Amino acid sequence: MSTRTRYWLMKSEPGDFSIDDLARVGTEPWTGVRNYQARNFMKDGMQVGDGVLFYHSNTQVPGIYGIARVASTPYPDPTQFQKTSKYFDPKATPEQPRWFLVDVAFERKLAGGIALDTIRQHAEQLGEDFALIRKGTRLSVLPVSAAQWKLLLSLETP
DNA sequence: GCCAACGTTGGC
DNA sequence: GCCAACGTTGGC
């Protein structure tokens with residue numbers, strides 16, 4: 001068993017669910033991921049306590065705006081079974097769920113955020129394996145190395 | 001709102 | 001199993 005802390009980045013559209021929303025509710029099931037690669041990171045990769053960079057996408061200044069923690073083991077995303085949900089998946093059954101999620105818990109907001117612009121300026125240091133700025137990659141859940149985590153947080157502008 | 005770059009679906 | 005059509009993501 002590994003006790004190594006792992007790190008992730010998770011995207012959300014702030015109009016849909018923002019870091020302020022997470023601050024208000026405390027803990028939130030990360031519903032709606034419908035990409036297999038992103039799902040697998042949650043289902044097979046995440047452990048309770050892992051660090052999460054909370055990223056705002058599709059907004060005026062995209063970037064990292066807070067820190068959260070993985071707060072549950074993976075379990076089936078309930079919205080896949082809800083006919084009225086926009087995340088409903090007719091091919092999923094409770095016996096054979098397709099989509100899994102974890103709960104995410106608020107830790108803190110980043111004072112000034114870390115803009116995507118700023119992140120790009122450090123592309124070389126972050127390295128090829130940083131999926132956020134890899135060309136053609138649009139993963140909404142992606143792994144972050146300890147070194148990348150450290151570097152990214154050093155870019156916080158108070 | 002545009003659109004490039006992906007991912008998924010389904011006919012064949 | 002190919003691939004065209006369609007849907008989605010997400011920066012700009």
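What you see below is based on every heavy atom in this structure, not just the backbone, and it leaves out hydrogens, waters and symmetry mates. Reminder, nothing fancy here: chain letters follow the sequence lines and each chain counts from 1. Bear in mind that the values here come from a model prediction, so they are computed numbers and not experimental data.
Rounded to an integer number of Å, the gap from A:Ile119 CD1 to C:dG11 C1' is 13 Å. Straight-line distance from the CD1 atom of A:Ile133 to the P atom of C:dT9: 21 Å, rounded to whole Å. Taking atom CG of residue A:Leu132 and atom C1' of nucleotide C:dT9, one finds them 13 Å apart after rounding to whole Å. What separates CD of A:Glu13 from C1' of C:dG10 is a distance of 8 Å, to the nearest Å. If you take CG of A:Leu142 and P of C:dT9, they are 15 Å apart, rounded to a whole angstrom.
Taking the six-membered ring where the residue is Trp, A:Phe17 and A:Trp30 present perpendicular rings, their angle passing 60° and hence far from 30°.
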Starting at the 5' end of nucleotides 2-8 of chain B, put B wherever the base has a protein heavy atom under 4.0 Å, S where only the sugar-phosphate does, and a dash everywhere else.
---BB-S
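Across all non-hydrogen atoms, the minimal contact from A:Gly32 to A:Asp77 is N-OD2, 2.8 Å.
With ring centers used as reference points, A:Trp99 lies 6.0 Å or more from A:Phe81.
Counting only N and O atoms by type, the side chains of A:Trp8 and A:Asp50 include a donor and acceptor under 3.5 Å apart. Side-chain N/O atoms of A:Tyr75 and A:Asp103 include a donor and acceptor closer than 3.5 Å. No side-chain donor from either of A:Ser140 and A:Arg34 sits under 3.5 Å from a side-chain acceptor of the other.
Taking 4.0 angstrom as the limit, A:Lys91 places a side-chain polar atom (N or O) nearer than this to OP1 or OP2 of B:dG10.
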